[in-house]
Amino acid sequence: MTVPPSLSVVVPLHGGEEHAEECLESLRDQTLDDLEVILVGRPRGLRPPDHRFTLHTLGDGGDDPGVTRNAGAAFATGRYLAFADPGSVVPADAYRALVGALDHTGSDLACGRIRTWTPNAQDTAPKAKEFLRTHITRHPKLLDDPRAGGTVFRREFWNRHAFAFPVGLGEDFPVTIPAHVLSTSADVLGSVVCLTRGSRPPADPLCRLRASLEVSDLLGRHAPALRAAYDLRLAEGPDFEAVLDAVRDRVPDGLAEALGRLDPGAVERLPVLRRLQIHFAAQGMTGELAELRMFAASEIRHRGVLRRGLRRRRWYLDYPFRRDPRLPRSLFDATRDLRLVARVDDVRHTDDRLVLAGHAYIAHLDSGRSGIELWLQRGEERLTLPVRRTRRPDVTADSRQSAACHDDSGFETVVALDALPPGRWALHARVRARGVTRAGRAAGGASERVFDAGGVRVSLTRDRGLTLGPSAAGGPGPDPGGPAPDSGRVSAIRWTESGELILEGTGRCPSCRIVLECGTERHAWPVRRDEAVWTVAVGATAEGLPLRSGTWRVLAVSPEGREDLVRLSPALIADPPRPRVTGFHEVSVRTSRDGDLSLAVRPALGPHERGPYATRRRRAAAPRRTALRNAAVFDSYGGGQYSCNPRAVSEELARRHPDVEIVWVTRDGQFAVPPGVRLVLFGSREHEEALRTSRFVVANRRTQPGWYRKPRGQTFVQTWHGTPLKRLGLDLEGMPYARQVPREELARQVATWDLLLSPSPFATAALRGAFGYEGEILESGYPRNDVLFDPARARAARRRLGLTGDRRVVLYAPTWRDDEATGRLALDPVRAAGALGDDDVLLVRAHYLVARDMTIPAGDRIHDVSKFPDMADLLAAADVLVTDYSSAMFDFACTGRPMVFLAHDLERYRDEVRGFYFDFEAEAPGPVLRTGDDVLDVLRGGDLGRFAERYERFARRYCPWDDGHASARVVARMRS
């Protein structure tokens with residue numbers, strides 16, 4: 001008779017999981033030998049590590065996580081049941097500890113801590129407190145992380161309640177939370193039992209919301225004390241927001257009734273905006289919900305609070321429908337919106353004191369006459385701290401609203417360490433303003449720091465704010481024979497006069513270069529080493545540009561290619577350098593609680609230059625009349641590029657009229673300009689001065705700042721940036737996924753235009769209607785297409801790309817999708833390059849709105865040209881264009897070279913996402929294909945000549961005036 005194993009572990013596989021082998025190795029190495037591992041789904045190419053692993057291949061449903069997990073549970077024979085994601089790693093002792101706890105206590109399930117995988121995540125995780133024979137009603141934090149990867153279930157308990165993962169959802173909470181609620185008891189271990197990588201594909205928000213509401217109903221029946229907190233978190237969460245934002249003409253079936261079942265106490269604790277959204281959705285008031293949606297997108301940051309009432313004067317938010325008699329006034333009660341905002345921004349150790357700096361205010365209320373109290377708290381004991389008020393205009397600038405001023409919200413205080421009683425203390429704040437009092441624990445900022453100051457451990461973290469406790473210095477010391485504690489760490493940071501950041505460390509540094517990583521973007525600098533000191537100078541990138549805005553992880557790369565996070569020395573964590581302005585950026589040094597170094601980069605705008613409140617101030621202070629200079633301001637894609645029509649006009653203007661000062665706007669310093677051109681930072685005082693005093697403004701998008709007021713006599717040239725196949729502006733109404741500009745904002749921008757460029761009679765009609773524009777249109781052709789008539793420009797572009805003249809250049813340039821947060825390529829670059837001829841080279845140009853989120857492989861036959869300065873040069877260099885719905889097709893038609901269209905989502909994009917101005921399939925000047933294989937077949941030998949007549953007709957209609965002289969016509973009109 002076969003004895004069943006103690007534990008069955010189900011691993012769902014859907015094919016191609018990147019880290020599945022590492023997951024299986026961690027299961028093989030478990031110190032609990034008595035287990036079976038069930039690989040279920042589509043385990044293609046995986047080899048079971050030993051006899052305990054069994055494969056079960058599924059046909060239908062094999063790609064659904066719910067189906068595969070449920071099937072694996074049905075195959076299980078162990079006394080206990082667990083689920084491991086193929087991207088996770090299970091520490092060697094995890095299952096032995098979980099099963100051992102269940103054997104000891106008799107609980108129905110056991111769980112432990114889950115952490116994100118890093119090379120040393122398990123070793124650096126402090127052990128938390130253990131709770132045996134507990135229950136979710138006594139340990140509500142079990143609601144916080146309802147993932148199944150760190151949980152072991154008693155199989156008899158699982159079968160008795162017939163638990164099953166929902167099909168088509170890919171989420172754990174519909175199983176884990178009910179299991180905790182229905183259990184007799186649960187064991188919560190303090191150790192890490194699962195290390196997870198990344199996240200699963202997001203589920204449909206409506207499906208998630210419905211599943212969450214079912215869990216809410218279960219809590220109402222079996223654990224009513226938990227329901228209010230759960231419903232509050234649910235109603236504040238992203239799924240609720242996404243579902244309410246998607247409601248158009250009708251509320252989805254059952255949603256209104258489900259909203260009515262939400263705990264009333266939870267709804268009362270919501271902000272006014274969410275209460276209004278829920279009320280309108282529950283009552284089927286879709287028109288009001290749509291108006292509220294537009295208000296939230298554009299005007300909410302400019303609306304403040306009003307005090308109303310005769311006997312009990314209360315604060316109400318000045319939101320739409322406030323005077324609507326159908327709505328109770330309580331919906332607008334601002335009590336919950338008047339929340340405390342308190343944060344410790346910095347802490348420094350000076351002599352025997354800690355000097356703290358931060359800010360505190362009540363949202364929506366000016367801080368000018370507010371009172372701030374600070375204290376350290378341990379249980380019921382309090383230590384009052386002195387408060388010195390400071391000016392903090394940066395707090396107002398970063399508050400993302402314009403209705404209240406928080407310039408006077410800053411504070412400084414001092415903690416005398418020698419007088420601090422032992423124990424664990426946390427910083428709290430109380431603010432009084434306009435008859436409202438709010439108190440609570442002060443939060444931390446983006447940079448987390450943990451260091452020792454004397455005998456006190458100082459911890460400043462995002463979630464717990466500032467805590468002071470016993471120092472860890474009394475613990476075991478370093479190995480006398482080992483490296484120094486700071487060996488390999490950064491011990492000094494300084495800046496050079498040229499703006500380079502110098503990182504310096506003592507001791508042996510095993511890395512050969514330092515890499516900075518932000519999303520998919522990486523840049524490297526060499527490490528200079530000697531016996532005692534190593535240094536690296538972080539300056540311009542290989543492209544000669546500064547780091548773009550964002551948070552950059554700092555990695556040390558060894559000669560073997562191993563990457564490790566760079567850490568700061570304890571002394572530098574205790575006293576990091578202040579933010580530094582260099583060029584167009586402000587650079588701040590940040591750390592994690594483990595001391596990992598990162599750099600936060602943002603545009604160097606001062607507090608009176610950034611944010612909605614600054615915009616309001618600048619509008620009010622704008623002079624009514626100014627004298628105009630012989631200057632022209634150019635803006636391409638909101639300061640993102642030196643490219644497109646503005647570039648062509650700028651260069652033509654400089655050639656013909658060298659007396660005109662040329663000013664270009666940059667949002668992030670990510671492009672270079674020719675000698676003699678002045679760069680100004682978008683939103684800066686210099687930008688404001690240039691817009692106010694220049695005779696000409698030339699732009700290709702609706703990107704002028706909110707404070708821009710066009711002076712008398714200025715000429716604004718709107719070039720736009722492409723012939724529209726896709727609907728624009730006012731024509732987007734009724735397209736639920738399209739990103740729409742509010743009518744008022746569109747009208748404000750359009751009212752500043754004096755001249756709109758058009759490349760064709762078709763575009764003239766489309767642009768006039770889409771923008772509601774009634775002014776002058778110059779039917780000039782597109783200036784950016786002048787380069788397509790210049791063979792020298794094409795040769796120069798090829799040389800810059802390192803391409804020889806005899807290679808066929810295929811440019812793949814798809815557009816972006818309004819309904820996708822990140823981009824993805826329908827044509828696999830690696831497969832395409834491999835299928836094309838040996839003399840072919842594939843250029844891949846991701847759309848600038850999504851290029852940062854994409855990783856495109858590089859090689860001799862694949863070039864990622866997403867950062868290439870100007871698309872026009874790429875079109876000039878290309879022999880074939882592969883696109884979908886991009887306006888590049890209209891530009892490339894000037895060349896007469898072939899085009900291929902990969903329209904895999906044509907119906908959805910045309911009918912639901914953006915809409916078209918003409919029948920694309922009937923007029924496209926090349927084959928419209930649905931798969932990448934079809935595209936490759938055509939590129940390898942398809943007959944593109946059969947589209948010659950259609951191509952010629954397309955060019956005549958959509959680019960009839962492009963002849964290489966459009967820029968000259970525009971400049972002549974500007975100077976007339």
request  = Fit a plane to each ring of Phe901 and Phe920, take the angle between them on a 0 to 90° scale, and name the class: parallel (under 30°), tilted (30 to 60°) or perpendicular (over 60°).
outcome  = perpendicular
query = For Phe918 and Tyr958, what are the C-alpha separation, side-chain angles and deciding distance, and is it a ring pair (Phe, Tyr, Trp, His ring centres under 6.0 Å)?
reply = CA-CA 12 Å; Phe918 59 83; Tyr958 297 111; 5.0 Å; yes
ask   = For Gln714 and Arg695, what are the C-alpha separation, side-chain angles and deciding distance, and is it a side chain to side chain contact (heavy atoms under 4.5 Å, CB included)?
value = CA-CA 5 Å; Gln714 187 178 78; Arg695 182 180 173 189; over 6 Å; no
ask   = What distance separates Ser967 OG from Asn645 CG, expressed to the nearest 0.5 Å?
value = 7.5 Å
key: Among Thr719, Thr666, Thr703, the one residue meeting side chain to side chain donor-acceptor pair (under 3.5 Å) with Asp635   = Thr703
request  = Mind telling me whether Phe634 and Trp664 have parallel, tilted or perpendicular rings, with 30° and 60° as the class edges?
outcome  = parallel
query = Roughly how far apart are Thr855 OG1 and Arg522 CZ, rounded to 0.5 Å?
reply = 10.0 Å
query = Got a salt bridge between Glu912 and Arg727, using NZ or NE/NH1/NH2 to carboxylate O under 4.0 Å?
reply = no
request  = Would you sort out whether Cys518 and Arg548 count as a side chain to side chain contact (heavy atoms under 4.5 Å, CB included), showing the intermediate values?
outcome  = CA-CA 9 Å; Cys518 181; Arg548 67 171 174 86; 3.6 Å; yes
request  = Side-chain contact test, heavy atoms from C-beta onward, threshold under 4.5 Å: evaluate it for Arg793 versus Asp873 and give yes or no.
outcome  = yes
query = Shortest non-hydrogen contact from Ala872 to Val787?
reply = CB-CG2, 3.6 Å
inquiry  = Could you walk me through whether Arg807 and Asp860 satisfy the salt bridge (charged side-chain N to carboxylate O under 4.0 Å, His left out) test, starting with their C-alpha distance in whole Å, then the side-chain angles of each, then the deciding distance to 0.1 Å, before giving a yes or no?
reply    = CA-CA 12 Å; Arg807 299 187 73 177; Asp860 178 61; 3.7 Å; yes
request  = Using a 4.5 Å cut-off on heavy atoms from C-beta on, say whether the side chain of Val809 contacts that of Leu803.
outcome  = yes
Plane angle bin for His523 and Trp525 - parallel if under 30°, tilted between 30 and 60°, otherwise perpendicular = tilted
Sub-4.5 Å side-chain heavy-atom contact between Cys959 and Pro759 = no
request  = Carefully, step by step, assess Arg748 and Arg743 under the rule side chain to side chain contact (heavy atoms under 4.5 Å, CB included).
outcome  = CA-CA 9 Å; Arg748 184 186 73 82; Arg743 278 179 170 267; over 6 Å; no
ask   = Ion pair present between Glu907 and Arg930, side-chain N to carboxylate O less than 4.0 angstrom?
value = yes
inquiry  = Is any side-chain heavy atom of Asp668 closer than 4.5 Å to one of Phe584?
reply    = no
key: Close side-chain approach of Arg702 and Thr752, heavy atoms under 4.5 Å   = no
request  = For His585 and Ser549, work out which heavy atoms get closest and say how close.
outcome  = CD2-OG, 3.9 Å
Val750 vs Glu774 side-chain heavy atoms within contact, under 4.5 Å = no
inquiry  = Determine whether Thr815 and Lys726 satisfy the following criterion, side-chain hydrogen bond (donor to acceptor under 3.5 Å, both in side chains), listing intermediate values before the conclusion.
reply    = CA-CA 10 Å; Thr815 191; Lys726 301 166 286 189; 2.8 Å; yes
ask   = Got a sec: does the CZ of Arg655 have more than 12 other heavy atoms crowding it under 6.0 Å?
value = yes
request  = Quickly, which of Asp933, Leu902, Val900 forms a side-chain contact (heavy atoms from CB on, under 4.5 Å) with Leu827? Name it, please.
outcome  = Leu902
key: N-O pairing of Arg957 and Glu923 below 4.0 Å   = yes
message = If you count every heavy atom of other residues, nucleotides or ligands that lies below 6.0 Å from Asp838 atom CG, does the total exceed 12?
response = no
inquiry  = Once you measure the plane-to-plane angle for Phe954 and Phe890, does it fall in the parallel (<30°), tilted (30-60°) or perpendicular (>60°) bin?
reply    = parallel
request  = Go through the side-chain N and O atoms of Asp891 and Asn785 and say whether any donor and acceptor fall under 3.5 Å apart.
outcome  = yes
ask   = Once you round to the nearest 0.5 Å, how far does CG of Leu679 lie from CD1 of Ile662?
value = 12.0 Å
task = Would you mind checking if Asp245 and Arg293 are paired as a salt bridge, meaning a charged N to carboxylate O distance below 4.0 Å?
result = yes
query = Would you call the rings of Phe682 and His687 parallel, tilted or perpendicular, where under 30° means parallel and over 60° means perpendicular?
reply = tilted
query = Under 6.0 Å from the six-membered ring centre of Tyr909 and within 45° of its axis: does the NZ or CZ of Arg817 meet both?
reply = yes
query = If you take all heavy atoms of Asp870 and Arg845, which pair is closest and at what distance?
reply = C-NH2, 4.2 Å
message = When you compare the side chain of Tyr782 with that of Trp961, does any pair of heavy atoms fall below 4.5 Å?
response = no
key: Ion pair check, Asp879 and Arg798, cut-off under 4.0 Å   = yes
task = Assess the side chains of Asp884 and Tyr812: does a donor N or O sit below 3.5 Å from an acceptor N or O?
result = no
message = Whether the Tyr708 and Gln749 side chains hold a donor-acceptor pair (N or O, under 3.5 Å, no angle test) is what I'd like checked.
response = no
ask   = Would a line drawn from the ring center of Phe771 to the ring center of Trp753 be shorter than 6.0 Å?
value = yes
task = For Asp754 and Glu776, work out which heavy atoms get closest and say how close.
result = O-CB, 3.7 Å
inquiry  = As a quick check of understanding, evaluate side-chain hydrogen bond (donor to acceptor under 3.5 Å, both in side chains) for Ser643 and Ser636, giving each step before the final call.
reply    = CA-CA 6 Å; Ser643 68; Ser636 181; 3.1 Å; yes
key: Ring-face cation contact, Phe868 with Arg800, 6.0 Å cut, 45° max   = yes
request  = Could you pull out the closest heavy-atom pair between Pro927 and Val938, with the gap in Å?
outcome  = CG-CG1, 4.2 Å
Cationic N near anionic O, under 4.0 Å, Arg914 to Asp818 = yes
ask   = Hey, is CZ on Arg940 packed in by over 12 heavy atoms from elsewhere, all under 6.0 Å?
value = yes
request  = Can you spot which of Leu778, Leu756, Ile777 makes a side-chain contact (heavy atoms from CB on, under 4.5 Å) with Thr764?
outcome  = Ile777
task = To the nearest 0.5 Å, tell me how far Ser866 OG sits from Glu521 CD.
result = 11.0 Å
Parallel, tilted or perpendicular: ring planes of Phe762 versus Tyr917, cut at 30 and 60 degrees = perpendicular
ask   = Can you tell me if CD on Glu949 sees more than 12 non-hydrogen neighbours from other groups inside 6.0 Å?
value = no
query = Would Arg647 and Arg784 count as a side chain to side chain contact (heavy atoms under 4.5 Å, CB included) if you check the C-alpha gap in whole Å, the side-chain angles of each, and the deciding distance to 0.1 Å?
reply = CA-CA 7 Å; Arg647 174 187 175 181; Arg784 70 184 186 185; over 6 Å; no
inquiry  = Show, in sequence, the C-alpha distance, side-chain angles and deciding distance for Arg629 and Thr693, and conclude whether the side-chain hydrogen bond (donor to acceptor under 3.5 Å, both in side chains) test is met.
reply    = CA-CA 6 Å; Arg629 299 178 299 112; Thr693 62; 3.1 Å; yes
ask   = Looking at Ala966 and Asp786, what are the two nearest heavy atoms and their distance?
value = N-OD1, 3.1 Å
task = For residues Leu681 and Leu605, determine if any side-chain heavy atom of one lies less than 4.5 Å from a side-chain heavy atom of the other.
result = yes
